[in-house]
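Structure, as structure tokens:
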Amino acid sequence: MFSPGTKRSNFTARKSGREKPTTGSPATPFTENRKTLDDNSPIPNRPNTGTPAPWASRLSVLARIPPAKKSDKGEETDPIQPVYVGEFPQVLRDEQDVLLQKHAPGNASISGGMDKETSLAWVICGNKLFVWSYLSPAASRNCIVLDLPPTMSENEDTGKSSNDWFVCLINWDRSTNKVSPQCSSAGVVACNRRTRNLVYWPDIYSATRNEPVVSFPEESEVSCSSSDVKGTPTKLRQQNKPGSSVTHSNSLNSLIACAVPEAHHNHASVALACSSNGELWQFVCCPSGIQRRKMYEDMLSKNSQGNDGGQFFGGRGYPRSLVWQSRSRSLDKSNRQFLLLTDHEIQCFAIELSSSFNVSKIWTHEIVGTDGDLGIQKDLAGQKRIWPLDLQIDNDGKVITILIAIFCKDRITSSSYTEYSLLTMQYKSGVNVSSECVQPHEKILEKKAPIQVIIPKARLEDEEFLFSMRLKVGGKPAGSVIILSGDGTATVSHYWRNSTRLYQFDLPYDAGRVLDASVFPSDDGEDGAWAVLTEKAGVWAIPERAVLLGGVEPPERSLSRKGSSNERSSLEERKNLSFAGNIAPRRAASEAWDAGDKQRPGLTGIARRNAQDEESEALLNQLFHDFLLSGHADGAFDKLKTSGAFEREGETNVFARTSKSIVDTLAKHWTTTRGAEIVTSSVVSSQLLEKQQKHKRFLQFLALSKCHEELCSRQRHALHIIMEHGEKLAGMIQLRELQNVLNQNRASGAGSYSTTEMSVSGSLWDVIQLIGDKARRRTVLLMDRDNAEVFYSKVSDLDEFFYCLERDLDYIISEKMTVSVLVQRACELSSACVTLLRTAMTCRNENHLWYPPSEGLTPWTCQEKVRNGLWSLAYFMLQLVKENNSLDDTVKLDFHSHLEVLSDVLLEAYSGAICAKVEHGEGHKSLLDEYCNRRDELLECLYQQVKDLIEGKLQDSGEAAEEQKLEIFGKLSSALLSLAKRHEAYKTLWSICCDLNNTDLLKNLMHDSMGPKRGFSYFVFQQLYDNRQFSKLMRLGEEFQEDLAIFLKQHQDLLWLHEIFLHQFSEASETLHVLSLSPNDSSAMDAETNSFGTTIKRSLVERRRFLNLSKVAALAGRSANFESKVKRIEADLKILNVQEEIMKLLPDDERQNISQQLLPPVDLIELCLKTQDRELSLRVFDIFAWTSSSFIKSNASLLEDCWRNASNQDDWERLYQASVDEGWGDEETLSFLKDTILFQASSRCYGLKAETFEGNFQEVLPLRLENSEQVNLKNMGSSVETILMQHKDYPDAGKLMLTSVMLGSVHSDMISIVEEEGPTPME
């Protein structure tokens, strides 16, 4: 994180897609930077710069490790260098090699740590955990290899997921030696910070260590918070500055663990973890199992920081860290205290190491508040946000150290920066911190010393990087701390002689990241030197002397690992610098071109220049000239800065203009060479090489004078232009070599296109003449020069080559030429374009450390002028191959190769342009569409060419050729397959796999290819679905389980099959249930199959089958609420049965229209009411009974209509008259009323055996009103009785109607009436 030198720039920051992949990043400053002035360096006063020196190579890190047995003499050891302690165990090295073979170097990351108490180191590599003692000799080192359970890393890339693990070591052996401990019994607790999966090995040294205890969280434990953080400043969010963290709200931030006394449990431990959503979790780990318990939640709901108008309310990303209090401060051994760091305070808790494991809060101390004496005062001028990042406590438990980052803004210059500080607190004298003695609001801590500023003005980092920083205390020198950052650096901070000194542990970048740090034991019983665990170079020690002598004052800017330059050993660098110093610099051949530019600045797009610009440029030329003669650049930076050389940006910058004058210099002695003589003259190549050598020397001058650093930080565009001049110069040199090769082939008659019709000059020569003539005519000083001379001299305008292709291609390749000449000239131009662009990309990758950050800068190889020229040529070649099928197979194959590589560079140019627009925040949709269309057109044509070549080769071979067809096809399509894979041309990949009939290739591509539309796997699934190849689609689900599950969410008619295969029976039940009830017109399958012009309609029989399957799946899944789920499915089955019965009673014409439709309950009820059928008027109550209570409540008026309809099904006037005439008794009344619809409806809804899905009818529509005597028709409540009171026959037959519903509610048609005492309902 921190650089020990002076100002450094962030020029090494790179987007991974724009540079050559590396396994890390550059590391430390050269050893010479730390030497005294008396050191006899070949180049005196070598600057303290992070700029890399491209003229010197470097050895691997292991080759630079000094021998273990070296003399202690001063001339053989460097006192400020770290000391190599030991290598990784061999089994770990072997696993690292296997992991690197499976993943790209940048993706095969590992994680690791060091435990001070047990002196054990651990590393997770792949799905294995390696544990060994870093103090043991290499020969006797015993490395324990533990396998993480497969379910822990399921569906994860183990090469990338190893960084997600917390590991704690539990020491069961308390009798180890203090100086050289040899732990013989230890347990391991491993927890995944994202998934919260927990693994516990009770004793890794026992015979059963390979049988871990595994625990998985409940779904609610890992559910992400859905609340959005509001109020983030737009400017900060756009610039990805602090306050724009993407930290997951439920990820764990810290894990600690300790042993439980054996009196309570054997080999048991308790672990504590805090998460970003303010929760504190407890895990009790025993050999028999793991218990999870949430101790606290919403720990930050009060008093959190609110500097930004409440935007950080709740302390997003906090609490940050947990740390155990020293055992010496715990009087009760069965009770242990621990500290927790939040966004504004320190909280102290105590945990009972007994069977209850209760956790209680003892005290809190606010460290970020309005009182500066208690910690850090907030709301000061310029402060925007304060981050407490990590907390540690010393061995005695007396001093607490907190790492602080403060986001500030200078009110004068309006510049933003981060200040890093250390806050040290100590317990007040006389304070008892036991839980019984602490009084409320009692002040426990006080400042031990003023806040120690580590770096006063560091560059801004995003919040996720800040949260990756860790703090370690205890090493020598006494009082020093070491700070570990997420990018893999370690910095020792030590307050010495009234100032803070920083020492950065910084091996070459091929040593990998720093994984962790600890402290070596010492003979005096105190802590010793710092120990550092690296990713690839083993364990190292930082001696106390190295920190004292090698520490430097804090730099103004923190550059993390960016800008570090320890690329070689000291001896190697001295040798190379000495060699470079002995090279005699070449003098400029001519300044005629510069004179032309000064007179006509508009020719190169340079804006108006003033006298200061002229003076600055003249000074720069003089200083550079002196550097060429002497090799020194003393004081050049200050002189140039004083002259205003750094005030202009872009092409107007004096450094960019000087670079341009170097690459565009016009040689004096070319004027005697004319026309074709230039083609064969070696003076062209020698002049270009001279320019390249001088341009490299100019870069050296920028580096040694510190101008490169200033340009990288303040004038990125100007530095970008300077580096592109080098690219164009390298491309011009290779273009010249290509022309020489073409001329030799032409002279010897070699090549595929040797013919008498061929033009003598060639298409490349014609392009050179056109460009040179254009440049010559617009510059007076060049009027007497040859066109080719002008072209090869005007290097900075190399992009005009592609503009010429776009504008004058019809002239260069005329339709009047024969086909063979057209093919030859097109291939020649294709070779030239590919040579230029690939040379530029190679130059950029080889020198990527020189380039400024690429955000917002578009490389010249990706600009529209270049892309259009490439497409013009590519499109011409496409049309040429489509219109001419009579070419010889050899010519076709060569033409295909040229078009293939041309397509590659064209698509790479589009990719770079799209990335630049995305980084700059510009709209890129139209460019992306253009890229996709041209990509598909190019690759489809190339693929058709491959098939035509195969058919041409095998058409005369008969059936025997079919055996060779696939083999030949695979060879011819291999390069095209690679091209299509890089550019996500899924149509081409699919066609190749289908024609090869290679399922393994298809699966490999599905694993490897990812894209903006969910990758190649999604495309394959869609193709199989569209082609109705469902069996193949489902078989792919065996290998691509998660991908197919995501795809099938849009196709639920197949999703349930995949869910059953995954044993997700509850989910399958839900899918089947939804599928059975979904309307035909909104089927997920219909939405995807409209292209077939058909509509899939599910019959009622199919829906019944889906419901039955859903019921079976629910019973198999047996989820927490499966019983209610089954009950709902059964209710839907009954509603479906009702619809089928209704269909039988409907007239034929109505039944035909709706026989295959699933009608909603409301439609079913209205259909029954509309039909006016006696049987259907009763079925409506069955439908209400099997719906939900909410449905009944929301459709109460419809229910009332059903009762009205039921009351109209019988002639109550006739029944009443018959009861009077015949004098019915109770039994006769019951006998006649049992056949009425009111009786049957009442029995169905209110009877003793009435069944409903949930609730009852009485809650929505009571049978009778209470106190019915006082109710009138204007103010009557809702009940069956009031509905009947509105019936036309109620005045005469009302009592008979009420008797019918009352008897139905207490009797069923299968039970005879039983005489009871008391009045009858009629009475």
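The closest side-chain heavy-atom distance from Asp396 to Ser326 is not below 4.5 Å. Between Ser480 and Trp530 there is a side-chain heavy-atom pair separated by less than 4.5 Å. A 4.5 Å side-chain heavy-atom check between Glu366 and Leu374 finds every atom pair outside the cut-off. Counting only heavy atoms from C-beta outward, the side chains of Val189 and Ser269 approach each other to under 4.5 Å. With contacts defined as side-chain heavy-atom distances shorter than 4.5 Å, the pair Tyr427/Leu445 qualifies. Val514 has its side chain within reach of Leu484: a pair of non-hydrogen atoms, C-beta onward, lies under 4.5 Å apart. Taking the side chain as every heavy atom from C-beta outward, Val539 and Met114 approach each other to under 4.5 Å. Under the 4.5 Å side-chain criterion, counting only non-hydrogen atoms from C-beta, Phe505 is not in contact with Val492.
For His494 against Ala478, the heavy-atom pair with the smallest separation is CE1-O, 3.6 Å. Across all their heavy atoms, Trp165 and Asn197 have their closest contact at CZ3-O, 4.0 Å. Taking all atoms of both residues into account, the shortest heavy-atom contact from Thr195 to Pro217 is O-CG, 3.1 Å. Scanning both residues, Leu339 and Trp363, for their nearest heavy atoms gives CD2-CZ2, 3.9 Å.
Separating the CD atom in Glu446 from the CE atom in Met425 is a distance of 8.0 Å, to the nearest 0.5 Å. To the nearest 0.5 angstrom, Asp164 atom CG is 8.5 Å from Ser111 atom OG. To the nearest 0.5 Å, atom OG1 of residue Thr364 and atom CD of residue Gln347 are 6.5 Å apart. Taken from OG in Ser421 to CD1 in Ile376, the straight-line distance is 6.0 Å, to the nearest 0.5 Å.
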Q | side chain to side chain contact (heavy atoms under 4.5 Å, CB included) between Val199 and Leu129, intermediate numbers included | A | CA-CA 11 Å; Val199 193; Leu129 173 61; over 6 Å; no

**Q.** Residues Trp172, His267; criterion side chain to side chain contact (heavy atoms under 4.5 Å, CB included); working and verdict
**A.** CA-CA 8 Å; Trp172 306 121; His267 278 183; 3.9 Å; yes

Q) Would Asp390 and Ser321 count as a side chain to side chain donor-acceptor pair (under 3.5 Å) if you check the C-alpha gap in whole Å, the side-chain angles of each, and the deciding distance to 0.1 Å? A) CA-CA 6 Å; Asp390 199 8; Ser321 52; 3.1 Å; yes

**Q.** Candidate pair Phe357 and Val260, rule side chain to side chain contact (heavy atoms under 4.5 Å, CB included), full reasoning
**A.** CA-CA 10 Å; Phe357 296 101; Val260 176; 3.6 Å; yes

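More than 12 non-hydrogen atoms from other residues, nucleotides or ligands lie less than 6.0 angstrom from NZ of Lys294. For Gln291, the CD atom sits in a loose shell: 12 or fewer heavy atoms of surrounding residues, nucleotides or ligands are nearer than 6.0 Å.
Under 4.0 Å is where a charged nitrogen must lie from a carboxylate oxygen, and between Glu535 and Arg513 at least one such pair does. The residues Lys361 and Glu345 are annotated as not salt-bridged, no charged nitrogen and carboxylate oxygen being separated by less than 4.0 angstrom. A salt bridge between Arg385 and Glu463 is present, with a side-chain N of the basic residue lying under 4.0 Å from a carboxylate O of the acidic one.
The aromatic rings of Trp387 and Phe407 are tilted relative to each other, their planes meeting at an angle between 30° and 60°. Relative ring orientation between Phe349 and Phe338 is described as parallel, the plane-to-plane angle staying below 30° on a 0-90° scale split at 30° and 60°.
Residues Phe283 and Tyr200 keep their aromatic ring centres 6.0 Å or farther apart.
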